[in-house]
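Chain letters run A, B, ... following the sequence lines, proteins first, then strands; residues in each count from 1.
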Amino acid sequence: MMKLAIVETKLLTREPGALFSLLIPLFILVVFGSSIEPGDTVLLPMALAIAVGLVSLYLLPTTLATYRERGILRRLSTTPVRPGNLLAVQLLLQLVLAVTACGLLMAVAGTVLGAHLPSRVLSGVLVFLVGTASMFAIGLLIAALAPNGRAANGIGVLLYFPMAYLAGLIQPMQQMPDIVAAIGEYTPLGAFGQSLRDVWAGSAPSPLLMGVMAAYALVISIAAAKFFRWE
Amino acid sequence: MAVIEVTDLRKRYADLTVLDGVSFSVEEGEIFGILGPNGTGKTTTVESVEGLRRPDSGLIRVLGLDPVQDGPKVRELIGVQLQQTQLPENLKVWEALDLYASFYAKPRDWRELLEEWGLADKRNARFGKLSGGQKQRLFIALALVGNPRVAFLDELTTGLDPQARRATWELIKQVRASGVTVVLVSHFMDEVEELCDRVAVFNHGKVVAIDSPAGLVGGEHQMRFTLMAGDMVGLEGLPGVTGVSREGDRVVVSGRGDFATAVTAHLARHQVLVSDLRLDRRTLEDAFTALTGRSFG
């Protein structure tokens with residue numbers, strides 16, 4: 001199990017996609033960061049939501065669907081190690097990657113750009129965990145349904161842009177039609193983004209949005225588990 | 001001692017009967033071939049024995065254990081090379097062997113396998129950069145890294161060039177010599193003939209014959225020649241000869257085993273001169289066609 005984790009970590013570092021998931025949000029942060037006011041509370045939550053979205057919609061489903069497509073899970077079924085272990089290791093690693101990406105963003109934004117860092121640390125961590133759980137659940141569902149790695153990648157891209165738009169990551173919420181913005185707030189990424197902005201603004205995250213995210217995480221991951229095929 | 005016992009295995013998918021009462025047993029230390037066209041239940045059978053699939057009914061014992069109920073124990077004792085599996089592109093050869101070795105309680109030293117299977121100089125190469133033959137050898141090495149009692153090899157030499165195939169065959173013989181029982185799924189006649197101690201021939205979800213390759217070929221061979229000079233007497237009584245027929249000066253002698261040597265010696269002794277002498281040996285392919293009613297490939 002330990003060796004599996006080490007090998008999977010090595011493979012992740014050899015995966016260009018992992019680097020992109022770290023660098024794209026950072027790039028966005030730095031490009032837009034040059035024009036923000038010190039103490040900004042909008043840009044950093046946006047970059048964090050983008051980072052988590054990238055990991056959970058691109059990297060996670062593509063990796064898992066590819067493992068199934070290449071028969072790696074099946075091959076593992078013939079050894080004393082259960083293929084579920086590989087899934088667990090992957091989930092954990094992708095979570096570490098998401099945490100790393102967010103840590104990097106906060107570090108750069110907090111120091112170089114002088115953006116606001118929230119004082120409600122516990123709320124922030126809680127929002128991150130529940131939001132990431134709901135996004136990972138979507139990634140798992142994609143992995144469960146996609147016939148192969150390429151399809152998983154395609155579905156990830158197709159889902160990412162509308163979700164990012166509805167979450168106000170492409171266009172600010174204020175400039176979107178009211179009805180779209182209202183719907184957007186209750187999408188997984190939208191609820192995540194809004195809760196992060198709440199925390200950044202110094203208020204407690206809305207219990208309703210937290211509940212919405214938790215419900216997404218639960219329902220979608222149950223569906224993913226139901227539809228997942230090992231081969 | 002039987003290492004694998006399979007009794008009356010049955011499996012249906014909707015309207016399709018995949019396994020229709022498959023039974024066979026594999027003895028310790030032999031190379032057991034599973035031969036048959038695609039879609040005759042070979043892979044379903046082997047995957048049931050490996051515990052990857054559940055048959056609808058029937059009994060399977062691997063080293064006395066049930067591959068589903070005693071799955072963890074069975075998986076510790078078997079090594080498997082699956083058809084159409086890959087590894088992650090960026091996984092290095094040594095990492096793959098090291099990783100798979102870590103899955104087993106008593107693995108082999110993977111460095112030895114690296115040497116044996118000619119992968120020592122590819123130790124740090126990534127899987128995606130290996131040639132077809134190198135990938136295949138790595139898969140076989142991975143099947144052996146757990147120090148298994150039984151190794152299952154599915155379409156062992158597909159995609160290998162003739163030289164690499166020969167080399168692989170030699171290595172498989174060494175695997176048997178080291179005491180590992182080998183179950184070989186193949187659709188190559190020459191491979192089965194060269195390697196297998198016994199073969200089960202599959203057709204339409206059934207085992208239609210189990211015998212040694214020589215036993216399967218068995219039957220009669222025919223020797224044909226044209227009589228040039230001399231008188232042909234006493235051929236019927238020679239060892240192995242089962243029949244003589246003559247049409248004008250064309251003669252056909254049927255027989256088993258080494259009858260051809262006896263016939264030519266006899267003709268020479270009686271100063272019978274023949275021409276156009278031809279020996280038609282049955283091949284495993286002929287035997288297969290006769291058994292299954294279809295030509296191979």
Chemist: Is it the case that over 12 heavy atoms from other parts of the model lie below 6.0 angstrom from the CZ atom of A/F32?
Modeler: no

Chemist: How would you list, by chain and number, every residue that makes a side-chain contact (heavy atoms from CB on, under 4.5 Å) with A/I170, sequence neighbours excluded?
Modeler: A/F161, A/A164, A/Y165

Chemist: Go through B/V74, B/L142, B/L82 and name the one with the most non-hydrogen pairs under 4.5 angstrom from chain A.
Modeler: B/L82

Chemist: Considering residues, nucleotides and ligands other than B/L16, do more than 12 of their heavy atoms fall under 6.0 Å from its CG?
Modeler: yes

Chemist: Heavy atoms only: give me the nearest A/I72-B/L87 pair and the separation to one decimal.
Modeler: CD1-C, 3.8 Å

Chemist: With a 4.5 angstrom heavy-atom cut-off, which part of B/L91 approaches chain A: side chain, backbone, both or neither?
Modeler: both

Chemist: Below 3.5 Å only, please: all the donor-acceptor pairs between chain A and chain B, one per line.
Modeler:
residue, atom, partner, partner atom, Å
A/K3, NZ, B/D98, OD1, 3.2
A/K3, NZ, B/D98, OD2, 3.3
A/K10, NZ, B/E95, OE2, 3.2
A/R14, O, B/N90, ND2, 3.4
A/R14, NH1, B/N90, O, 2.6
A/R14, NH1, B/E95, OE1, 3.0
A/R14, NH2, B/E95, OE1, 3.4
A/R14, NH2, B/E95, OE2, 2.7
A/R70, O, B/Q86, N, 2.7
A/R70, NE, B/L87, O, 2.9
A/R70, NH1, B/E89, OE2, 3.4
A/R70, NH2, B/L87, O, 2.8
A/R70, NH2, B/E89, OE2, 2.7
A/R74, NH1, B/E47, OE2, 3.1
A/R74, NH2, B/E47, OE2, 2.8
A/R75, NE, B/V80, O, 3.3
A/R75, NH2, B/V80, O, 3.0
A/T79, O, B/R75, NE, 3.2

